[in-house]
Amino acid sequence: MDEATEAALVAAAVAAREQSYAPYSGFSVGAAVLDGEGRIHAGCNVENAAYPQGQCAEATAIGAMVTAGGRLIKAVAVAGPDTGPEDPFCTPCGGCRQRLREFASGALTVIICQPRGIVARHTLASLLPESFGPDHLD
């Protein structure tokens with residue numbers, strides 16, 4: 001992925017975070033996925049008064065990608081709130097790691113960012129080791 005595409009992916013995740021609906025937790029998250037066609041699809045977390053009914057930002061972005069006909073994720077950026085250098089940052093939850101795995105291999109680049117910029121990079125394999133995916137069902 002070139003620098004311009006990476007910058008656009010991060011910007012889309014940060015912008016999506018601004019649209020988050022998080023009245024209960026106050027923890028806004030945005031995500032953006034780069035599909036196999038080079039298109040970027042963004043989403044934010046959407047909470048619900050019935051807590052288990054909320055939706056993570058990654059799930060929203062994946063849904064947008066699938067709706068647009070995408071079936072492959074080449075990269076993902078996840079944007080959480082600005083924190084200090086010693087504070088934890090926002091990585092995908094376990095459920096979203098599995099959702100990403102449905103459309104990507106362990107080599108997927110996972111960019112962790114905040115409004116101030118990129119704070120970490122991972123592969124999906126490092127976040128979800130020994131994962132189970134569609135290739136196990138072939």
Side-chain angles (χ1 to χ4, degrees):
M1 172 174 40
D2 62 42
E3 287 182 30
T5 302
E6 180 178 275
L9 186 65
V10 168
V14 170
R17 183 182 175 278
E18 295 302 316
Q19 300 303 315
S20 169
Y21 180 74
Y24 307 108
S25 72
F27 195 83
S28 295
V29 180
V33 296
L34 176 68
D35 74 12
E37 306 291 318
R39 300 173 297 182
I40 294 174
H41 309 276
C44 61
N45 59 323
V46 180
E47 294 181 349
N48 189 289
Y51 291 119
Q53 300 306 312
Q55 183 162 300
C56 294
E58 298 89 338
T60 304
I62 291 168
M65 178 193 76
V66 170
T67 300
R71 297 292 186 269
L72 172 68
I73 299 175
K74 295 176 68 177
V76 61
V78 179
D82 271 331
T83 59
E86 292 81 35
D87 294 331
F89 41 81
C90 182
T91 59
C93 73
C96 286
R97 293 173 191 199
Q98 188 63 47
R99 285 179 183 93
L100 291 166
R101 177 62 176 88
E102 184 68 19
F103 299 97
S105 73
L108 176 71
T109 300
V110 181
I111 301 166
I112 308 304
C113 56
Q114 297 173 346
R116 66 183 165 95
I118 295 172
V119 295
R121 294 172 196 277
H122 299 281
T123 63
L124 185 57
S126 71
L127 295 174
L128 189 67
E130 302 299 327
S131 69
F132 182 85
D135 49 316
H136 290 92
L137 301 175
D138 287 343

Restricting to non-hydrogen atoms, name the atom on Ala22 and the atom on Phe27 that form the minimum distance, rounded to 0.1 Å.
CB-O, 3.8 Å
So which of Gln19, Glu47, Arg17 actually passes side chain to side chain contact (heavy atoms under 4.5 Å, CB included) with Ser28?
Arg17
d(Cys113 SG, Asp82 CG) to nearest 0.5 Å is 10.0 Å
Search all heavy atoms of Ala57 against all heavy atoms of Gly43 and return the closest pair with its distance.
CB-O, 3.7 Å
Considering all heavy atoms, the nearest Met1-Ala75 contact:
CE-CB, 3.7 Å
Between Thr60 (side chain only) and Cys44 (backbone N and O only), is there a donor and an acceptor less than 3.5 Å apart?
yes
Please check if the side chain of Gln53 supplies one atom and the backbone of Asn48 the other of a donor-acceptor pair under 3.5 Å.
no
Does Gln98 reach the main-chain N or O of Phe132 with its side chain, forming a donor-acceptor pair under 3.5 Å?
yes
Under 4.5 Å between side-chain heavy atoms, hopping through other hydrophobics if needed: is there a path connecting Val14 to Ile40?
yes
Taking a hydrophobic cluster as the set of Ile, Leu, Val, Met, Phe, Trp and Tyr residues connected by side-chain heavy atoms closer than 4.5 Å, whether directly or through intermediates, do Leu34 and Leu100 fall within one such cluster?
no
Decide whether Leu128 and Phe89 are clustered together by the hydrophobic rule: side chain heavy atoms of Ile, Leu, Val, Met, Phe, Trp, Tyr closer than 4.5 Å, transitively.
yes
For a quick check under 3.5 Å, do Arg97 and Thr91 share a side-chain donor-acceptor pair by atom type?
yes
Determine, stepwise, if the pair Val66 / Arg71 fulfils side chain to side chain contact (heavy atoms under 4.5 Å, CB included).
CA-CA 6 Å; Val66 170; Arg71 297 292 186 269; 3.5 Å; yes
Which atoms form the tightest heavy-atom contact between Ala12 and Ala32, and what is the distance?
CB-CB, 3.8 Å
Non-hydrogen atoms of Ile112 and Cys90 that approach each other most closely:
CG2-O, 3.3 Å
Counting distance only, does the side-chain N/O of Asp35 pair as donor-acceptor with the main-chain N or O of Gly38 below 3.5 Å?
yes
In the single-linkage hydrophobic clustering (I, L, V, M, F, W, Y; side-chain heavy atoms under 4.5 Å), do Ile73 and Val110 co-cluster?
yes
Gln55 side chain to Asn45 backbone, donor-acceptor under 3.5 Å
no
Of Ile111, Leu108, Thr109, the one forming a side chain to side chain contact (heavy atoms under 4.5 Å, CB included) with Val76 is Leu108
For a quick test of reading the model, state the closest non-hydrogen atom pair linking Pro134 to Glu102 and the distance between them.
CG-O, 3.5 Å
Check for me, please, whether Val46 and Ile62 land in the same ILVMFWY cluster - side-chain distances under 4.5 Å, paths through other members count.
no
What's the separation between atom NZ in Lys74 and atom CZ in Arg39, rounded to the nearest 0.5 Å?
11.5 Å
